[in-house]
**Student:** 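I'd like to ask you about the structure that follows.
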Amino acid sequence: MSSTELPGVRSTVAPSSPAGAVRLADGEQLRTAVLPGLELAVRVRPPQRAGLPPALFVHGLGGSSQNWSALMARLADTVDGEAVDLPGFGWSPPPADRDYSVTAFARAVIRHLDAAGRGPVHLFGNSLGGSVSTRVAAVRPDLVRTLTLVSPALPELRVQRAAVPTALLALPGVAALFSRMTQGLSAEQRTRGVTELCYGDPSRVTPEGFRNAVEEMERRMALPYFWDVMTRTSRGIVDAYTLGGQHGLWRQAQRVLAPSLLVYGGRDQLVSYRMAHRAAAAFRGSRLLCLPEAGHVAMMEYPEVVAAAFTELLRDTRAGAADRDTEDGRG
């Protein structure tokens with residue numbers, strides 16, 4: 001379970017809209033994908049050269065596509081990257097059916113990939129986006145080349161104490177209570193709290209990144225659907241955690257065929273570090289990257305390390321495919 005909008009991206013300001021100013025990192029573009037009953041804002045970083053494989057990045061609870069800007073910039077010479085704002089988050093409006101379940105988010109990602117014809121992609125997910133991406137990879141293996149998960153939200157028997165408020169949001173009336181309890185907090189205070197919750201070392205956030213995050217916090221809190229989206233999404237995560245059988249997230253993790261990279265932070269207050277080895281056992285043939293100093297958003301704190309690990313995964317995957325092709329030719 002992730003954040004509200006997180007700082008850490010050096011941005012430029014695009015022309016204002018009635019809802020505020022879209023912040024884009026240098027070289028990024030924002031476009032809108034329109035599907036029946038669904039409208040998705042997509043953050044695009046054009047590749048540095050033609051022919052690079054496509055990638056899609058999926059953010060966590062309360063976050064947005066902006067959470068991936070730092071990593072996308074470092075992979076611009078490796079993949080053709082897009083990051084989606086899930087329905088109701090970032091610059092994407094709520095879905096027509098108001099369904100914020102993990103399954104509905106996975107369906108939105110699948111519909112987007114099918115409509116755009118970009119699959120199979122290198123799929124990245126953080127927190128809630130990790131559970132969404134796991135479900136996509138399990139049910140539509142044809143759409144996923146590799147899977148990279150940063151602190152994926154997978155069911156835990158002992159939930160982290162800091163994650164309890166998010167789970168409580170799923171209960172009737174709690175969102176209204178939280179809203180009343182926090183109405184005296186400034187956007188700066190809220191942003192500082194989120195930063196301390198999600199970063200292993202909050203001092204890594206630049207002053208500019210923090211100011212930008214405060215502005216985004218003000219915009220998000222002014223949206224009339226903010227608390228409804230947070231409440232329904234929290235309920236969707238809790239529901240996904242309690243599903244059993246073939247629809248359970250751990251069972252679906254075992255069904256993933258794509259080569260997988262799992263990234264965990266030793267200072268993560270929302271997804272337990274102790275879940276790393278269980279996840280590595282569930283995702284067959286996966287590789288594990290543990291960053292002792294990182295928090296919940298390692299791709300924002302240590303984008304260069306995550307980029308290097310993914311590049312190694314990509315190189316080894318290509319080498320393995322080439323070896324198999326050679327063996328098939330000899331046969």
Side-chain angles (χ1 to χ4, degrees), residues 1-10 25 55 57-75 78 81 83 122-134 146-154 156 158-163 166 191-210 212-213 253 260-283 286-314:
M1 285 170 272
S2 188
S3 57
T4 50
E5 192 64 31
L6 291 166
V9 180
R10 295 188 178 276
F57 301 79
V58 187
H59 63 81
L61 174 63
S64 77
S65 58
Q66 184 176 327
N67 294 157
W68 294 102
S69 289
L71 182 60
M72 288 173 66
R74 283 165 175 79
L75 293 177
T78 306
H122 296 288
L123 186 60
F124 294 72
N126 169 232
S127 194
L128 164 64
S131 57
V132 171
S133 298
T134 297
T146 66
L147 181 65
T148 298
L149 304 179
V150 181
S151 295
L154 299 171
E156 300 183 40
R158 290 186 296 162
V159 178
Q160 295 279 83
R161 182 179 299 177
T166 301
T191 303
R192 196 170 304 281
V194 168
T195 303
E196 292 173 353
L197 178 65
C198 293
Y199 277 72
D201 180 7
S203 69
R204 295 180 67 87
V205 179
T206 66
E208 179 190 11
F210 186 78
N212 293 343
S260 301
L261 170 64
L262 309 173
V263 184
Y264 282 80
R267 295 183 177 179
D268 194 333
Q269 299 181 61
L270 295 171
V271 169
S272 176
Y273 192 59
R274 65 177 177 269
M275 301 300 293
H277 290 289
R278 180 180 179 183
F283 290 88
S286 62
R287 55 185 66 189
L288 179 62
L289 173 62
C290 293
L291 301 177
E293 304 302 315
H296 191 59
V297 286
M299 75 287 188
M300 299 179 73
E301 286 190 90
Y302 298 97
E304 68 287 350
V305 179
V306 177
F310 169 74
T311 302
E312 182 178 338
L313 170 69
L314 183 59

**Student:** Looking at residues at least two apart in the chain, or sitting in another chain, which of them share a ring-ring contact (aromatic ring centres under 6.0 Å, His included) with F310?
**Tutor:**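 Only H122, F124 meet the ring-ring contact (aromatic ring centres under 6.0 Å, His included) criterion with F310.
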**Student:** So, E301 side chain and D201 main chain: donor-acceptor pair closer than 3.5 Å or not?
**Tutor:**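 Checked: pair present.
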**Student:** Would you say E156's side chain and R274's backbone share a donor-acceptor pair under 3.5 angstrom?
**Tutor:**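 Not a single qualifying donor-acceptor pair exists.
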**Student:** Can you give me the closest heavy-atom contact between L147 and S133, atom names plus distance?
**Tutor:**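 In terms of heavy atoms, the two residues are closest at CD1-CB, 3.8 Å.
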**Student:** Quick check for you: to the nearest 0.5 Å, what is the distance between L289 atom CG and L313 atom CG?
**Tutor:**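 CG of L313 is found 11.0 Å from CG of L289.
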**Student:** Where do S286 and L262 come nearest, in terms of heavy atoms and distance?
**Tutor:**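 Answer, listing the atom of S286 first, then L262: OG-CD1, 3.8 Å.
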**Student:** Between CD of E293 and OH of Y302, what distance do you get to the nearest 0.5 Å?
**Tutor:**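 Reported to 0.5 Å precision, the distance equals 5.5 Å.
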**Student:** Supply the atom-to-atom distance N126 CG to M299 CE, rounded to the nearest 0.5 angstrom.
**Tutor:**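 So the gap between those two atoms works out to 3.5 Å.
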**Student:** To the closest 0.5 Å, what do you measure between CG (D268) and CE (M275)?
**Tutor:**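 Between D268 CG and M275 CE, I get 11.5 Å after rounding to 0.5 Å.
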**Student:** What are the two closest heavy atoms between T206 and G209, and how far apart are they?
**Tutor:**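 That closest heavy-atom pairing would be OG1-N, 2.9 Å.
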**Student:** Among V271, V150, L197, which one satisfies side chain to side chain contact (heavy atoms under 4.5 Å, CB included) with H296?
**Tutor:**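 Among the candidates, only V271 passes.
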**Student:** If you compare all heavy atoms of S65 against all heavy atoms of H59, which two are closest, and at what distance to 0.1 Å?
**Tutor:**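 The pair with the smallest heavy-atom distance is N-CD2, 3.7 Å.
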